[in-house]
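Scroll down for the structure; my scribbles are underneath it.
Reminder, nothing fancy here: chain letters follow the sequence lines and each chain counts from 1.
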Number of protein chains: 2
Amino acid sequence: MNVRRTRYYCPVEFAVEVIGGKWAVVVLAHLKDGEHRYGELRRRMPEVSEKVLTTRLRELEDADLVERTSDGGTPPAVTYRLTPEAAELTPALRVLYDWGRRRAEHQGIPIEPVC
Amino acid sequence: MNVRRTRYYCPVEFAVEVIGGKWAVVVLAHLKDGEHRYGELRRRMPEVSEKVLTTRLRELEDADLVERTSDGGTPPAVTYRLTPEAAELTPALRVLYDWGRRRAEHQGIPIEPVC
DNA sequence: ACGTTCACGCACCACAAGGTACGTACTTGC
DNA sequence: GCAAGTACGTACCTTGTGGTGCGTGAACGT
């Protein structure tokens, strides 16, 4: 994990920098329900490119938020899961999930329930 | 609020898009503790430029997450507060706050407690 | 042979986020 | 006069996020 600055003025500011941006949050939201294979994440997130998905997963791994395990086969079966530390964010992710569902419903935005 | 896409695959994805990025989250985190004047937000967030702070506040207002009131004087006294809908995100912001504090402490990153 | 699967990597690009450096206009105090 | 306060706006620039379009190599199925 590369700390961008050496001091912060707010723990939330630090937290969102550690976690990363939009797709990182969505990845964590999927993994909060249990471990996923790469392909499974890809299917659940059809709007992100493979390049970005891979990059964000690597960053989450580097930040010790995600554990990556591979069976070493060919093709490899790679599995991602939340670290215990990242799992502590689950309550926040649940709030976001419920809030987002209510908001989308209110605005008439359809959400496919594959999350 | 400008919806970027017409359908989503995950409520969390939609939520983080509505809320916006890093500085928007930090603004919400400050406002969860009560209304703030513009200058107060600026002092609590010394690492963000006025331009970006103003822009993000406008976006949060447009997304109906923040209410802006002005006394119309010169110079104006402008106050920002969370909308009831945004206030529902408070539990998530609290989780982020505590998580960020613990993580920073663990990594030896100093955080000035002005948040 | 080709196509599909798996989980990536590389080259290149567009645009949003975020920054700097000014500016606005009024009021108050030195 | 200038400086400071208030809360912004404008022009221009840099960097990060996210994208497209390829490619890898092994195994399996048609």
- Item | His36(A) NE2 - dC6(C) C1' separation (whole Å) | 17 Å
- Provide, to the nearest angstrom, the distance between the CG atom belonging to Asp71(B) and the P atom belonging to dT6(D). 13 Å
- Give the rounded distance in Å between these two atoms: CD1 of Ile19(A) and P of dG16(D). 20 Å
- All side-chain hydrogen bond (donor to acceptor under 3.5 Å, both in side chains) counterparts of Glu35(A), not counting sequence neighbours: Arg81(A)
- Query: Under 4.0 Å between a side-chain N or O of Arg58(A) and OP1 or OP2 of dC8(C)?
  - Reply: yes
- Which parts of nucleotides 19-28 of chain C does protein reach within less than 4.0 Å, heavy atoms only, written one letter per nucleotide 5' to 3' as B for base, S for sugar-phosphate only and - for none? BB-----BS-
- Donor-acceptor pair between Tyr8(A) and Glu47(B) side chains, under 3.5 angstrom: no
- Message: Please confirm whether the shortest side-chain N or O distance from Arg68(B) to OP1 or OP2 of dA7(D) is below 4.0 Å.
- Response: no
- Query: Does Glu105(A) CD have over 12 foreign heavy atoms under 6.0 Å away?
  - Reply: no
- Query: Taking NZ from Lys22(A) and P from dG18(D), how many angstroms apart are they, rounded to a whole number?
  - Reply: 7 Å
- Message: Please report the distance, rounded to the nearest Å, between OH in Tyr80(A) and P in dC6(C).
- Response: 14 Å
- For the residue pair Tyr38(A) and Tyr80(A), categorise the inter-ring angle as parallel (less than 30°), tilted (30 to 60°) or perpendicular (more than 60°). tilted
- Flag the pair Glu85(A) and Arg102(B) as a salt bridge only when some basic side-chain nitrogen lies within less than 4.0 angstrom of an acidic carboxylate oxygen. no
- Item | Salt bridge flag under 4.0 Å for residues Glu59(A) and Arg56(A) | yes
- Message: In whole Å, I'd like the distance from the CZ atom of Arg42(B) to the P atom of dT6(D).
- Response: 6 Å
- Answer yes or no: does a side-chain N or O of Arg37(B) lie under 4.0 Å from OP1 or OP2 of dA7(D)? yes
- Base, sugar-phosphate, or nothing: which does Gly21(A) touch, judged by heavy atoms less than 4.0 Å apart? nothing
- Separation of Leu60(A) atom CG from dC8(C) atom C1', in whole Å? 16 Å
